[in-house]
Participant: 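Quick one: this structure, given as structure tokens, is what I'll be asking you about.
Worth saying up front: this structure is predicted, and the values here are computed from it rather than measured. The figures here come from the full heavy-atom set of this structure, side chains too, leaving out hydrogens, waters and symmetry mates.
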Amino acid sequence: MVYLKTEDEIDALRSANLLVSITLAELARVIEPGVTTKQLDTLAEQVIRDHGAVPTFKGFPNPYGPPFPASICTSVNETVVHGIPSDSVVLKEGDIISVDCGTLLNGFCGDSCYTFRVGEVSPQVLRLLDVTKASLYNGIEKAIVGKRLGDIGHAIQTHCERAGFGVVREFVGHGIGHEMHEDPQVPNYGKQGSGMALSNGLCIAIEPMITMGDPSIRMRPDRWTADTQDGKPAAHFEHTIAIHDGKAELLSTFEEIEKIEEKKYGKTSCD
């Protein structure tokens, strides 16, 4: 059942999502060759708890295996989603890492993801990041009263497939509120004019997961980590939004992350 939010609830969701953005920005400052994904997880949990919140990912149930053991998902290179932080995963020059983060603050959830460069990456990988991030904003542009869920997915899918990239089908965006995953599901593919009509008060996480090659995935034995089947890189960007006064309002932000990345790498976007 889709639960439309009030003004006060949107305010609470905004606070939870801004904390996710703060946490991701703190990680952006330290992501570099030699850092382990476990170190990133430790820092993220500290930031979240220092702000009076709890990490929603830690202990999140899995019907097919053990609960998620960490505060963030750290998905490196060919890992699409749900990578588990580890002391044994050491970032190296040229890697990319998607960091997905969730918070529970005052009873409401925040959820956002950003794919970071680790040092200098290849032009092909940079293009994957640029196209994936752009597709997220293309989908957000369609999140307005008068459109439907299929319009969001169609905008993401067409942008990425025209660029020659694959759109993962097995994982989708979602509603968000008191729970991290609420109705409706928000696919990154679809037909224009199809699906549920969009209304004021709808709060959703839009999160394209895009592959450099074939979109097929395979699950690791841990029953969490999903990799591309062909071993090629994948990117993942996510914003939580509210449909407010007829249009999409970003509740999360990449602004500080992008400032940090520009200081590190300069303006290297392919767009």
Side-chain angles (χ1 to χ4, degrees), residues 3-31 40-58 60 68 70-75 81 85 97-116 129 132-134 136-137 139-141 143-144 152 173-182 186 200-208 235-264:
Y3 168 35
L4 301 178
K5 276 65 177 182
T6 66
E7 294 281 344
D8 287 345
E9 289 170 325
I10 291 172
D11 285 343
L13 280 165
R14 186 182 298 108
S15 296
N17 279 280
L18 288 177
L19 177 53
V20 174
S21 301
I22 289 168
T23 305
L24 291 176
E26 288 301 312
L27 299 181
R29 300 181 200 281
V30 302
I31 287 175
L40 298 178
D41 180 62
T42 299
L43 175 58
E45 182 166 4
Q46 178 183 334
V47 173
I48 292 167
R49 293 193 186 277
D50 284 352
H51 284 80
V54 296
T56 46
F57 292 2
K58 196 164 191 177
F60 196 82
F68 195 76
S71 297
I72 55 174
C73 300
T74 51
S75 303
V81 284
I97 176 170
S98 300
V99 181
D100 198 352
C101 179
T103 62
L104 180 66
L105 178 65
N106 298 324
F108 286 87
C109 293
D111 192 8
S112 183
C113 182
Y114 195 91
T115 303
F116 298 89
L129 302 187
T132 305
K133 188 195 288 187
L136 169 60
Y137 289 106
I140 290 169
E141 285 179 1
I144 59 176
I152 297 173
H174 50 87
I176 187 168
H178 289 295
E179 302 292 333
M180 184 168 61
H181 295 150
E182 297 184 354
V186 186
N200 282 318
L202 181 68
C203 294
I204 53 176
I206 302 174
E207 49 179 323
H236 178 196
F237 289 89
E238 176 182 17
H239 271 315
T240 292
I241 66 140
I243 300 181
H244 192 234
D245 293 332
K247 59 185 180 181
E249 177 190 340
L250 290 178
L251 302 182
S252 49
T253 176
F254 295 153
E255 185 175 346
E256 187 63 23
I257 297 171
E258 290 167 343
K259 288 179 182 177
I260 294 165
E261 287 206 328
E262 188 172 336
K263 286 180 180 178
K264 283 185 176 183

Participant: To check you understand the geometry: which heavy-atom pair defines the closest contact between I176 and M180, and what is its length?
Facilitator: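 Nearest pair, atom of I176 first, then M180: CG1-O, 3.7 Å.
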Participant: If every non-hydrogen atom of I257 is compared with every non-hydrogen atom of A28, which pair is closest and at what distance?
Facilitator: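 Heavy-atom minimum between the residues: CG2-CB, 4.3 Å.
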Participant: How about F254 and E261: do any of their side-chain heavy atoms sit closer than 4.5 Å?
Facilitator: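 With C-beta onward as the side chain, the pair stays apart.
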Participant: Before you tell me yes or no, could you show the steps for R14 and F108 under side-chain contact (heavy atoms from CB on, under 4.5 Å), namely the whole-Å CA-CA distance, both residues' side-chain angles and the distance that decides it to 0.1 Å?
Facilitator: CA-CA 9 Å; R14 186 182 298 108; F108 286 87; over 6 Å; no
Participant: Rounded to the nearest 0.5 Å, what separates atom NZ in K5 from atom CG in D11?
Facilitator: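 Result: 14.0 Å between the selected atoms.
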Participant: With rounding to the nearest 0.5 angstrom, report the CD1 to CG distance, I144 to D245.
Facilitator: 13.5 Å
Participant: Do we see a donor-acceptor contact under 3.5 Å between the side chains of Y3 and E179?
Facilitator: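 The criterion, which ignores hydrogens and geometry beyond distance, is not satisfied for E179 and Y3.
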Participant: Evaluate the side-chain proximity of V81 to D100: yes if any heavy-atom separation is below 4.5 Å, no if none is.
Facilitator: no
Participant: Could you check L250 against Y137 for side-chain contact (heavy atoms from CB on, under 4.5 Å), going step by step and ending with a plain yes or no?
Facilitator: CA-CA 10 Å; L250 290 178; Y137 289 106; 4.3 Å; yes
Participant: For atom NZ of K264, decide whether the heavy atoms of other residues, nucleotides or ligands shown that lie under 6.0 angstrom number more than 12.
Facilitator: yes
Participant: Indicate the atoms forming the closest heavy-atom contact of N200 with H244, along with that distance.
Facilitator: OD1-C, 3.7 Å
Participant: Any side-chain heavy atom of I241 sitting closer than 4.5 Å to one from E249?
Facilitator: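 No, every pair of side-chain atoms sits at 4.5 Å or beyond.
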Participant: Taking side chain as C-beta onward, heavy atoms only, is L136 less than 4.5 Å from I206?
Facilitator: yes
Participant: May I ask you to test the P208-K133 pair for a side-chain heavy-atom distance under 4.5 Å?
Facilitator: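 No. Closest side-chain heavy atoms not under 4.5 Å.
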Participant: Nearest 0.5 Å please: distance from the CG atom of L251 over to the CD1 atom of I10.
Facilitator: 7.5 Å
Participant: Please name the pair of heavy atoms, one in V20 and one in C101, separated by the smallest distance, quoted to 0.1 Å.
Facilitator: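 Smallest interatomic distance, heavy atoms only, reads CG1-O, 3.5 Å.
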Participant: Counting only N and O atoms by type, is there a donor-acceptor contact under 3.5 Å from the side chain of D111 to the main-chain atoms of G102?
Facilitator: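 Side chain of D111 to backbone of G102: no pair is present.
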Participant: Would the distance check show the side chain of T240 and the main-chain N or O of S252 forming a donor-acceptor pair, the cut-off being under 3.5 Å?
Facilitator: no
Participant: With rounding to the nearest 0.5 Å, note down the distance linking CZ in F116 to CG in L129.
Facilitator: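 With rounding to 0.5 Å, CZ (F116) is 11.0 Å from CG (L129).
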Participant: Pick one: which of L19, T23, L105 meets side-chain contact (heavy atoms from CB on, under 4.5 Å) with H51?
Facilitator: L19
Participant: Report the C-alpha separation of S112 and L24 in whole Å, then their side-chain angles, then the decisive distance to 0.1 Å, and conclude whether the side-chain contact (heavy atoms from CB on, under 4.5 Å) test is met.
Facilitator: CA-CA 8 Å; S112 183; L24 291 176; 4.0 Å; yes
Participant: Would you compute the distance between atom OG1 of T74 and atom CD1 of I97 and round it to the nearest 0.5 angstrom?
Facilitator: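 Atom-to-atom, T74:OG1 and I97:CD1 are 5.0 Å apart.
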Participant: How long is the span from the OG1 atom in T103 to the CG atom in N17, to the nearest 0.5 Å?
Facilitator: 6.5 Å
Participant: Without swapping roles, check the side chain of T115 against the backbone of H236 for a donor-acceptor pair under 3.5 Å.
Facilitator: yes
Participant: Around N106, counting heavy atoms of other residues, nucleotides and ligands shown, do more than 12 lie under 6.0 Å from its CG?
Facilitator: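 Result for CG/N106: open.
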Participant: Among D41, T42, L43, which one satisfies side-chain contact (heavy atoms from CB on, under 4.5 Å) with I72?
Facilitator: D41
Participant: With side-chain contact (heavy atoms from CB on, under 4.5 Å) as the criterion, how do C203 and L13 come out once you've worked through the C-alpha distance, each side chain's angles and the decisive distance to 0.1 Å?
Facilitator: CA-CA 9 Å; C203 294; L13 280 165; 3.6 Å; yes
